[in-house]
Number of protein chains: 2
Amino acid sequence: MSDIFKALSDPTRRSIIGLLRKRDLTAGEIAEHFPQAKPTLSKHFSVLKEADLIQGTRVGTTITYTLNVSVLEEALCAVMTTFKINPKQ
Amino acid sequence: MSDIFKALSDPTRRSIIGLLRKRDLTAGEIAEHFPQAKPTLSKHFSVLKEADLIQGTRVGTTITYTLNVSVLEEALCAVMTTFKINPKQ
DNA sequence: CTCTTGTTTCGTCGTTTGGCTAATTAGCCT
DNA sequence: AGGCTAATTAGCCAAACGACGAAACAAGAG
């Protein structure tokens, strides 16, 4: 729970999620979208993996990341029920 | 946006929000629910205020905190639309 | 085996966070 | 004014975070 919010609290990581929402991407493809060094991005990946928001599968030399939409969905629903919020949409 | 997630990423602050969901409470009343020292809680209050999740109004010597439900609501809706998630509830 | 590409680990630096105690402000009451 | 209570601010510490460069580690290609 804390992990998910911590993961979402960084703009870079939210952008990564935004990219993965459209389609799966390799670590290298994601890195091209950001000015930060690759090791820095790699750390962001592990934070997102830690929160179970993304998944990485190695195919040969490249690792493709996939968004774990259901986790994000469930986390937000959990918050809404905890705080008794009715989503408007 | 980041402020809201950062605020929500701490369990103590989520608990504070949980308490305020039931009814408004003074800083002292909130502090009674937690083992931390009052200044520590006060810092949490300011983080929550920074994120505009709560509001404090002074009445005499006491400050009563109120949950800003709409901000929380809007923040979560913003995330859902950004990530194109359909809430189940 | 060696080279190249893609990715992660390591070590470091500066900043932020969460906690504390001590000091300060703000308001009320004699 | 002086004292009391409620709450915040100030200052400090240890741990965690975000960033980097350099080095190490796959996995395939030549």
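In what follows, every chain begins at residue 1, and chains take the letters A, B, ... in the order their sequences are listed.
Comparing Thr61(B) and Ser9(A) along DNA chain D, the residue whose closest nucleotide (by nearest heavy atom) sits nearer the 5' end is Thr61(B).
Rounded to whole angstrom, the span from the NZ atom of Lys6(A) across to the C1' atom of dG18(D) amounts to 14 Å. Atom C1' of nucleotide dG18(D) and atom CG of Leu48(A) are separated by 14 Å, given to the nearest angstrom.
Under the 3.5 Å distance criterion, the side-chain polar atoms of Arg14(A) are matched with a main-chain donor or acceptor of Leu8(A). Ser15(A) places a side-chain N or O within donor-acceptor distance of the main-chain N or O of Pro11(A), the cut-off being under 3.5 Å. Side chain of Arg13(B) to backbone of Lys6(B): a donor-acceptor contact under 3.5 angstrom is found. Side chain of Arg23(B) to backbone of Leu25(B): no donor-acceptor contact under 3.5 angstrom is found.
Reading DNA chain C from its 5' end, the first and the last nucleotide to sit under 4.0 Å from a heavy atom of chain B are dT17(C) to dC28(C).
If you check every strand for non-hydrogen atoms under 4.0 Å, Ser46(A) touches nothing.
For the pair Ile4(A) and Asp52(A), the minimum side-chain heavy-atom distance is 4.5 Å or more. For the pair Tyr65(A)/Asp24(A), no side-chain contact is recorded, criterion being any heavy-atom separation below 4.5 Å from C-beta on.
Contact annotation: His44(A) side-chain N/O to dA19(D) OP1/OP2 distance is under 4.0 Å.
Cluster annotation: Val71(A) and Leu76(B) are assigned to the same hydrophobic cluster (Ile/Leu/Val/Met/Phe/Trp/Tyr, side-chain heavy-atom contacts under 4.5 Å, transitive).
Against DNA chain C, the stretch residues 33-43 of chain B makes heavy-atom approaches under 4.0 Å through Gln36(B), Ala37(B), Pro39(B), Thr40(B), Lys43(B).
The environment of Glu50(B) atom CD is sparse: at most 12 non-hydrogen atoms of other residues, nucleotides or ligands sit within 6.0 angstrom.
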